[in-house]
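Okay, structure first, notes after.
Owing to the predicted nature of the structure, the values given are computational and were not obtained by experimental measurement. Quick note: numbers below take in every heavy atom, side chains included, and nothing from hydrogens, waters or symmetry partners. Numbered from 1 within each chain, the chains take letters A, B, ... in sequence-line order.
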There are 2 protein chains.
Amino acid sequence: MSKELSERKKKILHALVDVYIATGQPVSSADIQKGYMPEVSSATIRAELSALEALGYVDQPHTSAGRIPLKPAYQLYVGDIEHNGAGALTDEETAFIRKKFADKLSEVRDISKRAAEIISDVTNYTSFAVSSRGGNVMLDEIKLVPLKDGKVLVLIVTDEGIIADKTIDVEGGVKHGYIETATRMLNNVFAGRRVGELEGMDLDSELTAETDAFRDIFDAVLAIIQTYVAEHTDDVVVEGALKMLDYPEYNNVEDAKNFLAVISDHDSVSELLAGDEDSIEFSVRIGKEDSGVDKCAIITAAYKVGDEVVGRAGVIGPERMDYKKVIGVLDYMKKALGTVLDNDKEDE
Amino acid sequence: MSKELSERKKKILHALVDVYIATGQPVSSADIQKGYMPEVSSATIRAELSALEALGYVDQPHTSAGRIPLKPAYQLYVGDIEHNGAGALTDEETAFIRKKFADKLSEVRDISKRAAEIISDVTNYTSFAVSSRGGNVMLDEIKLVPLKDGKVLVLIVTDEGIIADKTIDVEGGVKHGYIETATRMLNNVFAGRRVGELEGMDLDSELTAETDAFRDIFDAVLAIIQTYVAEHTDDVVVEGALKMLDYPEYNNVEDAKNFLAVISDHDSVSELLAGDEDSIEFSVRIGKEDSGVDKCAIITAAYKVGDEVVGRAGVIGPERMDYKKVIGVLDYMKKALGTVLDNDKEDE
DNA sequence: TGCTAGCACTCATTAACTCCGACTGCTAAC
DNA sequence: GTTAGCAGTCGGAGTTAATGAGTGCTAGCA
């Protein structure tokens, strides 16, 4: 893009994307003239379109067809939206969202899920939510509960509730005082830390001669926490995966299958989102190649509690998606989620 | 079916289903003659097919096409398999299955999931597993663990491990001796029972004046258990849902979407299986109407530990599926699963 | 110089038609 | 009861023609 486009070119491009999003069909010069600029003739628009084609903004499927937008056109369009503000939601929509968030949800995972549901329902696209908090969960306390047969239940209590429970066998049975001593030692080492810190922890440097007798239980606890971190970093929820099949872009089984395979695999979804800096509030990516979901656009928004980004949620849809609406919804959800999460925080 | 079919008719029918399963195309009289009965002419087979058509076993898509089997033909075919024994698995297949079950899985849910994976991988159809144990889980013990701020953690220990943990607030704080007394009373009422018994339990009849002071905690525990039962009866796992899209029967997006919608909704899957008596070892249902998955056949097998049916697993595929193989696999899995589950039992 | 009206041209889409070949059903002979 | 042979049926593939949406270009006008 060496040079700024003329105002008129921009207007035409915007109109073209608008119409194309609505219809999915190549847009003719007459379409644009009728709906957007009756003050000039279609021939003039044709001349401009011809120029835009040379600049790589639009394409013609064949000689006697209208134009379809290319990626740069979408990018310009999206840039305009972000600049001028997104489409406001209707009253019904905001009411719907508030209602859905009315009943209290305690677990972060539930909130993610609910958010993804709402986004998918309101936009009618496939949505997802990824909570990235994972490693930042704070270990409050470790509890040991003796069970029968020399087994001990280990509970790991965090600021998000109990993240894991697991029974372990204690070598040689549970002797008197064992529980109390072990609990104290474990909490000395683990309590007050963030689970992320423990990723590559070297237990040897933490343990003294005194604690070495409890080596087994230390190992077990560490393993539990590490498993938790591995499983819960980038916890992914996808909602409305089948909605994509309603759009003609995915009206063939081959593509549909591909899409569903990617979207059902949480690792792939995480990868799709990789590279988004936490600092970016909105990210719009159009037609990401070799991801298995080319022909798609992905819009994500970062959600914060205070200053900390706790997750991203977003929409994946056809390139010609209703960007105005989607960005509007994600923006509203940002506020709504902020409130829900903050309230939740206070309650604890 | 007023009268037994002649041997030759049966043979022709069997051949027809065989070929149709392999090719998915209408089968001509010549196909049957070539592959299965070169001793008679195709004209003879045509005459027999004509008779079979009159009897409702086969159909002709149009005048100049071969025949395709109808439900009664499949049923006869499946009956033969069950009678004559299913196709044996290849050595690679049994090795594959054994390998997959090699690493120990502790939770019933994990075993279900693994079983579904195996079945889907070996057969190449969509599979599912439903553990119906649900209500039969035995309550071993209830543990109360005091946490800070007057909260108490309730742990419900069953013969399947800890089924639920939840923190509750205790009115007026946790007084000295409260934990011990409450634990004893709770266990008096709940320990040793099956969770299913507690479905519509009337607490009033169980409580005495003495226990009435602990009414709150009784209510809480009962609620936890009931939630668990509601969530865990008919725990459903589906694997390889997308495999169905490989079959030409589901080569259009509309049908594919329908299928996926049904199969992704665990309640619908449960419903599909409803009506199978636990006592039935194998159930084959072909083309179940108004279920959203007509054009499908569903084969399920019951899995037992000792004499108790702990779940069903099965395959859902196109009507023309490889019944021999599927029944063979399910049968083998029956033994394999029996072993896994029994071992597991002994370990506890 | 920029805009526009008008026209010739292009090309996807659809419908109508034909041809081919895969099967069957029927019949007459064995 | 079986079979060879043949006429008849019908779907699918390929061809052609008609349609119409939309463009690019050009000549004339402000």
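Applying the ring-ring contact (aromatic ring centres under 6.0 Å, His included) criterion to B:Tyr77, with sequence neighbours excluded, gives B:His14. Legend: residues meeting side-chain hydrogen bond (donor to acceptor under 3.5 Å, both in side chains) with B:Lys325, ordered by chain and number and at least two apart, are B:Glu93. Residues passing the ring-ring contact (aromatic ring centres under 6.0 Å, His included) test with A:Tyr247 are A:Tyr125, sequence neighbours excluded.
Rounded to whole angstrom, the span from the OH atom of B:Tyr20 across to the C1' atom of C:dC23 amounts to 16 Å. At whole-Å resolution of the value, CG in B:Asp59 and P in C:dC23 are 16 Å apart. Atom CD of A:Glu48 is separated from atom P of C:dC3 by 7 Å (rounded to the nearest Å). Put simply, CD1 on B:Ile45 is 13 Å from P on C:dC23, counting in whole angstrom units.
Within the structure, salt bridge (charged side-chain N to carboxylate O under 4.0 Å, His left out) contacts touching residues 29-44 of chain B (residues at least two apart or in different chains) are B:Lys11-B:Glu39. The list of ring pair (Phe, Tyr, Trp, His ring centres under 6.0 Å) pairs with a residue in residues 21-53 of chain B, not counting sequence neighbours, is empty.
Residue A:Arg8 places none of its side-chain N or O atoms closer than 4.0 Å to OP1 or OP2 of C:dG2.
Nucleic acid contact class of B:Glu39 (heavy atoms, under 4.0 Å, all strands): sugar-phosphate only.
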| query | Which nucleotides of nucleotides 12-30 of chain D have their base under 4.0 Å from a protein heavy atom (B), which only their sugar-phosphate (S), and which neither (-), written as one string 5' to 3'? | reply | ---------BSBB------
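Within 6.0 Å of NE2 in A:His83 there are 12 or fewer heavy atoms belonging to other residues, nucleotides or ligands.
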